[in-house]
Structure formats: C-alpha cells, structure tokens
**Student:** 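Supplied in structure tokens, the structure appears directly below.
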Amino acid sequence: MEQIISSLAVFGSGMHWLMLAAGVVLGLTVGVLPGLGGSAGLALLLPFIYGMDPAPALAMMVGLLAVTTTSDTFPAVLMGIPGTVGSQATVLDGFPMSQRGEATRAISAALISSIFGGIVGALMLSVALVFAEPLLRQIGFPEQLMLIVFALSMVGMMTGTSYLKGLASCGLGLMLGAFGAAPITGVERLSFGTEYLIESLPIVIMGLGLFAVPEIVALARRQTTISQSGTLNAGWLAGARDWAKNWWLSLRCAAIGALGGALPGIGGAVIDWIAYGHAVQTTRNPERYGTGDVRGVIAPESANNAKEGGALIPTLIFGIPGSGNMAILLGGFILIGIQPGLSMLRDNGDVVYSVVWSLAIANILGAGICLLLARYIARITTIPYLLIAPFMIGLIFFASFQATRVWGDLFALLALGILGVYLKRFGWSRPALLIGFVLAPQIEANVYRVSTIYGMEMFTRPIVLVFLALTVISIVSVFRNRTRKRPAEDEARSYSNMKPQKSFFLILTAFAVYLLIEGFSESFLTGTFQIVAAGVSLAFLIPIGIFLFAQSGTRCHFDEEGILADEPGAHRPSSASGEHYLLILAGFLVLSGFFGFLVGTGVFIAAFLVRKAQVRVARAAASGLAFSLFLFMVARQLNLEYPAGLLNYALPLWP
Amino acid sequence: MQLRNRLKALIVTVAALAISAPAQALDLSGETVTILVPFSEGGGSDTLARFLQPFLQEALPGHPSIVVLNRPGGGSVTGVNAWIGSAKPDGTDILVGSSSTWVPFVFGSKTVKYNPNDMRAVVGFPRVSVFYTNPEETGVTGASNAAGVEELRSTRLMKGANAPLSLDLGDLIALHMLGIPHRAVFGLSTGEQRRAFLGGELSANSDSLSAYNDMAKNEGPGRVSPLFAVGGVDGNGKAMRIAAHPDVKTFVELYEAVHGTPPSGPEYNTFQVMHYLRTNLAKAIMLPPGTPDEIVDAYVEAFRSLEKNPAYLDGMKNEIEAQSFVYGKDVTASFAEASGFGPEERAAAEAYMRETHGVALN
C-alpha cells in the first residue's frame, strides 16, 4: 500500500506528465492507422528510450501501449475497417450505427467504455500484483484448453440465422487456421510451395478481408454516404447515456478482458469476441446484435482496454510476456535497466506501481483526446462514399501490408476479401469463422499437450471444472435463445436463382474434402488437425447441402442479391455488381504491380475518383498525390519498404 | 616506349592505391546503413538491432545514419531470402542473423535460398544457457554429476521442445545419451516452456543464463537444480563451462563422468551442431556474400572499438545476454562446424524421435 502511494510521487514532476502525454499522442496516432499497433509504436520509441531515466521512459511506453486500442475505434466504427485485432468485434455493431447516422454516439459510448475498461484493468493489475502469483501458477495446459473450449462455445451466439451454416463457418475458420507451419511439429503444412504460407494467415488481414472489404464493396455499390441519412443524428451525450445505462455490462466485460489478458494461451484476439458473445448471451433480445446495438460496441471496447492491464500481470510477475505488445514492452524494460520478474516486484515496487498509475492516467488522457476529436472525425460518415472509397481501399491494402510486409499480404487481402464478400452475400457467419480461425492453433496445440501430459487426469483440477461449468452454461443459453421467436424478416424465403449459393456451397465443400484427403498424406502430429477440422466442417456441410439441394425455403437458403432482385423497390438498376468492385480491387494490385505500391496507390485513387466519382482530373490527381505523399511520410517515419512494381525494377530512382 | 611509360604510370597508380586503400577503404559519410531484421518489431533480433543503432553510428567510419528494416515472415527465412538477392556488398546493408535463420539451412529446408557459409561474418554474440530440473518433481538434488544422473535414470523427465526438428533437439538428444528417461512435449515456445516449468507441468527446462539466474534466485534450490551448462565452444571445439557457475559441468564432462569415455558418433555430432547454433551463432551480424575484405575488416574494427565503451558492454551483457564477442573468421569457422548435420546424423535423429517419442522428424 505504501508503495502504491509513494509511486504517485513521480507524477509530481512535469517531465513525467510530458512523457506520458507524448506516449499517448504517439499511441493514438499509430492506433488510428489501420494495421499499425502498439508494437510498431513501441519499436519507434525504443531507440529514444535507451539511456533515459526509468520512470519517464516507462510512462512513455505504457502511455503508448494503453491507448492504441482506444483510437483504433475510429476506423472500426466510422468506416468498418478493423485496423487492429482488438477492434474486430467492435465493427459488428459500431459500423451499422454509423450507417444509421449515429457515429458520434457509437464513438463516445466506445470511448467511455475504453476509459472504464482501462481503469478496471489497471485496478485489477494493482490488486493482482499482490496475490495473483500462486493463482497464475495453477493455470496449466488443461486450464488453457478449457478456456479455449469455453471461447469456442461463444460461436453458438454468433451463428446468424442458420445454426448449421454458423457452425460450418466456424469449421471453415478452423480449416483456414490449419494453414502454415504445424504448431506441434513445425512442419510446413498446406503451403503449396509458397514462401508466404509457411506462416499462418495474418489475423489482421483476415479481419480486413472478412469485414472491411465486403462493407467497402456494399457501400460503393449503394453510392450514398456511410450515414444513410447523410447526417449525424445523435451526439456524444447520447453515447454517454448509453454507457451509463449499461455500466454493469461494461464492468463484466472489463473483468473478462482483464482476466483473459492475464491468462496464458488464449491470445488477445479472442477476448473481445468472448466479451461480445457474453453480451449477446445475457440479453433478452439477442437478435438486435449485429444490426447496430450500442451494447455490441460497449462490450468489446470495455474488454479490449482492460486487456492490456491484464496482460501486464504475467509480464510483470514472471517476466513472461502476456501478448505481442508485452513482448516488446519487456524489451523496453530491459533497455532501461529493469529486469521484470518476481525480483522486480520485491526490489522495485514503486516502479511497478508507477506503471499501474501510468496505465490508468493514459487511458483517461487518450480517450479524452479522442472524445474531443470525435465529433469532427465522425463527419466523414456524411461524405459521399464514392469520394472516400478509393482512400479506404488504399488504407486497407496499406494495413494488410503491415502484417508481413511482402506482396503476399496484398494478394491475401484480395483473396480473403473475395471470400468475405460471398460469405456475406450468402449468409455465412463471418464472426464464427474468425473465432474458429483464431482458436485453431490453440486447440491443436493444447489438445496435444494435455493428452501428452495429463490425459483424463485433467478433470481432477478445480479450475478446469469451473471452466467446464461455464461452458455448459454458455451452451445451455444458446439453446434457450434458440427457442425464442425470431423476427419475421429473418424468415426463410425462396429464391428464383439458386445457382450462386449452390456453387459457393460446392466450393466450400470441395475445399473441405481436399483438406481432409491431403491431411492423410502428412505425419500424425502434423496432419491430424486438418483432418479433424475438415471432418467437423463436412459434418455440418452435408446437412446444409441436403437442405440446399433437396428443399426450398429453409433457413439454409440465403442470398442478398436474391433479396435485392426479388423485392420491388429494392432493385437499383444503376448499381454495379459486387464482382465489378472486386475487379476494381484486383485493379489496385495491377497498378501497384506496375508502378509499385507507393505510386500505384496514388494512381489508383486518382483514376477511381475520375471514373467513379466524376471528380475533375486535376483535383483527383492532387488527391492521389497527397495520399502517396502521406504513405511516403509514414514509410519514412517507420522505415518501411513498400512492395515494388515493374517500374521500380526498370528505373533505379523510381520511388 | 609509350607502352612502357603507360605501364610505369599504371604500376605507380596501383601502388599508390594499394598504399592508400586501407586508410579510406570504407567511408560511409552521408550514407545510410540498413540493418535488416528478418522478424517483426520486438523480440531478440529487433532489440539487438535497435540497441546497436546509436553505437554503430558512432563507431562506423563516416558516421552514417543507421536504420532498422523489419521484414518478418517464414520464421526469418522470407526476409533473409529477399536480403540475399538485394543487399549491396558495399557495407550499406547488414543483417542480424540468428539461430532461427541458420537452423532451416542446417536442416536442409527447401525454402532457404541462402548459405550462411557464403555470407561475410562480422561479429557473433554468443549466448549461454543452463539445463535444469525440478527436484520437487524428480526428487533428485545436486544432479550435475554421475550420481545425480544415476538417480535421474529412475525418473522420467518432462521437457518442452519447439518442434521435433528444432534447436531443442540438442537438449533432448543429450538426455538420450545420458540414458535419462524423458518425454518431450512439442510445440512450446521458450516462454511457454518456462511457464510450464514454473507451474510444475514440465520437470526439466533449458534457459538463457539470465533467465536461469532469475529463476534459481526466486524458486530456490528446492525447485531448480542445474544438470549441465551449455556454454560457448572455444577455438579448439571444446565446450566451455559458464564462468558464473563453475561447478556446473558441461554436457561433455557429464557424459564422461557417467560413461567413462568422451561422447562420439552421429548423435553427439547432432548435439554439437545444435550447441554451435545455440551458443556461438545465436546472434550474428553479417554482410552479404561478395563484400570485399576491406569492408568486412572495417566493420570488425568498428565492433572491436565498441568493446571500450562501458555502456555498450553493459547493455550487451544484460540485455543481449552476450557473454563474449567472436569476430570475423572465428564466426565463419563456427558456421563450418555447425553445418555437420549430414545424412547419418539425420538418420540417428529420426530413429531417436521415432523410438523415444513416437513422432516423425518432419
């Protein structure tokens, strides 16, 4: 307790505040740029940190780390671009709110949840540092496995209209998660001879492809503004009231975030989905989620800021990083001469608690700055979408490129974007797919570990039984929800042209069959997972196929285009097809391949503005140039090398 | 006559060049030196590069600006493949190589497009580690001697490993050669292994010296007992003990104490290869193939001069965990030693994995 108070003393100095604020501003900046996150920002700081006094250096690093999950809310809510892993669940309800003209409301609810979550995380951290150590030692592989099983049960809440299709989507996620080196043996799997697929598909590109690309395509086709009314309706006070009404939900989700961040094995990417699933489970009207319910924003945003505090727990106690961000923070600690671990807790208690304070204050500061800016930035939703679409496309390719910084990232985005567009069109659950994808390597590794070390003995461990009970409750609540009546608009319907959805189904099935067969050619530890994943998928795909081909008007039938075409009034003859815009995305790659990414993006933007938005050539060219310049500045700061095009190879001085 | 004059002039010029060459062999003023890190930000290689940034700028002739370029993917293979194709041999492109980069080459991975033996080595930062067990699980204390090994033979150690074909193969094959029954859990990163050891799920672990020291201090001798030291390898190929723990035997010494003869054969060769990769070659600064000797020498000189800088030494010891420095040809020699994973060694490793763990090598 004394240490907690005495550590406050460092905040008496102006230097400390200045460094904290600098960290916060840098954190907000990298957070708002899709694809960049805490690690990129911390890497920028590290050279400066060397030789600094420990206290202000720590403040700067923690300040930066605390707020990247605050500002990533802007692209997620306003444009439907999940630029970081932590904002993927936020997109689900945040973006539909923006489309209703409630961007400011969504943002402010998210930011207040962020502040609250951040403070809860800091509180839990300060308490945990005192007594969590023996408890954390109890968390072994069986507990991690049960936690993953529990997370998997959340899929039940996110299946959409058809349970079969939702579960099959999750299976598809598991199958996509099988790509890349096998977690147990390290053997290359399903790499098809490419260097890119030696590692698993990057999760950020997965999120961008599944969520951002379909939205961009849909909005470009609609040719309006993001806010369908073209105005901003509710203000930020409405968001504050929303949060106040749901403070209990926010508290629960913050606790989930902090706990999930502290526990090993689950990974930050799933925690927000658990929080989201929890929100859906504990409501009387689950069908409203996904259509712009503010609770769907509050839940993940409360969780993802609390997560950082939670992840600091094992990082500080054991010196074992709780997340990727924490790994680089550890590097920073050592640079300023602090070796995290139990000895640090004993010998440098005040340093540790100054981290806790910095975390809490940075959260308030960061969200405060965002709140001030929110109403201005939210106006982007009232601009005709065709004017911003090319910039969005440039931005998502930029974000994808941050994953591994090779051409493959751009191709991966296009491929997953195509998948995302059709998943959306034919009513397959993208959140379920994402959860399956994120959990795939964890399931594979942990089932193996537990069976090697424990076997059935795992069920004698108390924490395992707690998680088991939670999982059972979670599954029961799925069935309870299922019996409730669904709104009439979700009722199954019949379609005049069934070919598109049938073909898509057949492609997915062929993919599963291929993985199943291919799995048998691998060794046991390498191949088993994909066999199981494909087998599970087929178990759901086969009944879907029977419904799809043998009957009509079941829940398995769905085609957005069918709705558009069948309903009088909903038909828009002027709008181009989805495929048209997918071709435009491919065009982006062609331009980049010729001019190089830097110049190609500018050319793409200029061409798009002229052709699609009827902007005058001079203004379009200026816009393209401005964006290329922006990319150039970012590259200078972060020292990136963009993918090269033909001209880069032909002309030595081509940018 | 004319020809002779020309020849004379040529000789004079060449001589002049030869004399003046060492003085201005490398001048990087106004240039930018790019350090390629084949991993994303954070992690060992990145930290090393960013740590070196200010020191290198100071030490290199002409004080060039130093930038760090992260090119992650394929467990560092992607980045190094691209680097080998594009790096200029003029001293402006350097690489932070690590065992992750060398291991796929040593194991003959088809995706590797580089050969570390062709690269020009500048400096290596050897790391050392300690193999230890948990007496609470095994009931054996003070194990770094023949009696300890004898006692351990009646237990079964649980040890984590990254993958069947990974650096951890060295530790596993060592246990095998000592005749200690053991079981490996594959697919665990270093951090996961450490955590599982702390939680009592694994009864044996191998960790860098600083992590071992921290763990030994916090857990006490009742929970951490060293079995053997993995120090560096000296110029004669002899394994060294760790100065800070003089009573912990090396694997070779422990083997001799147990069996009475020094180890040999393909299994020992495999251990040696892993040993070089883990210690002497853990982290190394490399120039691309074809870089002229003068440039390599200038780099070696720059790194040598840093040894006079206490801030550099301090950071190297505590943060990079480098115990000593190996320069130029000595690093190259280690690469030659580490390339000895031939068909015979592979067959032995395959047999061991199949018989002891029931898994295929890959």
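Remember, it's a predicted structure, so these values are computed and weren't measured experimentally.
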**Student:** Is A/Q138 in contact with chain B via its backbone, its side chain, both, or neither, using a 4.5 Å heavy-atom distance?
**Tutor:** neither
**Student:** Checking A/I184 against chain B: side chain, backbone, both or neither under 4.5 Å from a heavy atom?
**Tutor:** both
**Student:** Which bit of B/A184 is near chain A, if near means a heavy-atom gap under 4.5 Å: side chain, backbone, both or neither?
**Tutor:** backbone
**Student:** Any idea which of B/G199, B/A196, B/A211, B/A163 has the most non-hydrogen atom pairs under 4.5 angstrom with chain A?
**Tutor:** B/A163
**Student:** How about A/Y642 and A/F401: are their ring centroids closer than 6.0 Å?
**Tutor:** yes
**Student:** Taking all heavy atoms of B/S99 and all of B/P104, pick out the closest pair and write down the distance.
**Tutor:** O-CD, 4.4 Å
**Student:** Sequence neighbours excluded, which residues qualify as side chain to side chain donor-acceptor pair (under 3.5 Å) partners of B/D214?
**Tutor:** A/S343
**Student:** Heavy-atom cut-off 4.5 Å, strictly under: side chain, backbone, both or neither for A/A403 against chain B?
**Tutor:** backbone
**Student:** With a 4.5 Å cut-off on heavy-atom pairs, point out which of A/G408, A/G140, A/G193 contacts chain B the most.
**Tutor:** A/G140
**Student:** Most heavy-atom pairs under 4.5 angstrom with chain A, which of B/V359, B/V185, B/N162?
**Tutor:** B/V185
**Student:** Under 30°, 30 to 60°, or over 60°: which ring-plane class applies to B/F341 and B/F107, parallel, tilted or perpendicular?
**Tutor:** perpendicular
**Student:** Classify the ring geometry of B/Y132 against B/Y212: parallel below 30°, tilted from 30° to 60°, perpendicular beyond 60°.
**Tutor:** tilted
**Student:** Report the option among B/T34, B/V67, B/V77, B/T190 that has the most heavy-atom pairs separated by less than 4.5 Å from atoms of chain A.
**Tutor:** B/V67
**Student:** Identify whether the distance between the nearest side-chain nitrogen and carboxylate oxygen of B/E219 and B/R194 falls below 4.0 Å.
**Tutor:** no
**Student:** Please flag which part of A/Y196 lies under 4.5 Å from any non-hydrogen atom of chain B: side chain, backbone, both or neither.
**Tutor:** neither
**Student:** What pairs with A/E641 under salt bridge (charged side-chain N to carboxylate O under 4.0 Å, His left out), at least two apart in sequence or on another chain?
**Tutor:** B/R71
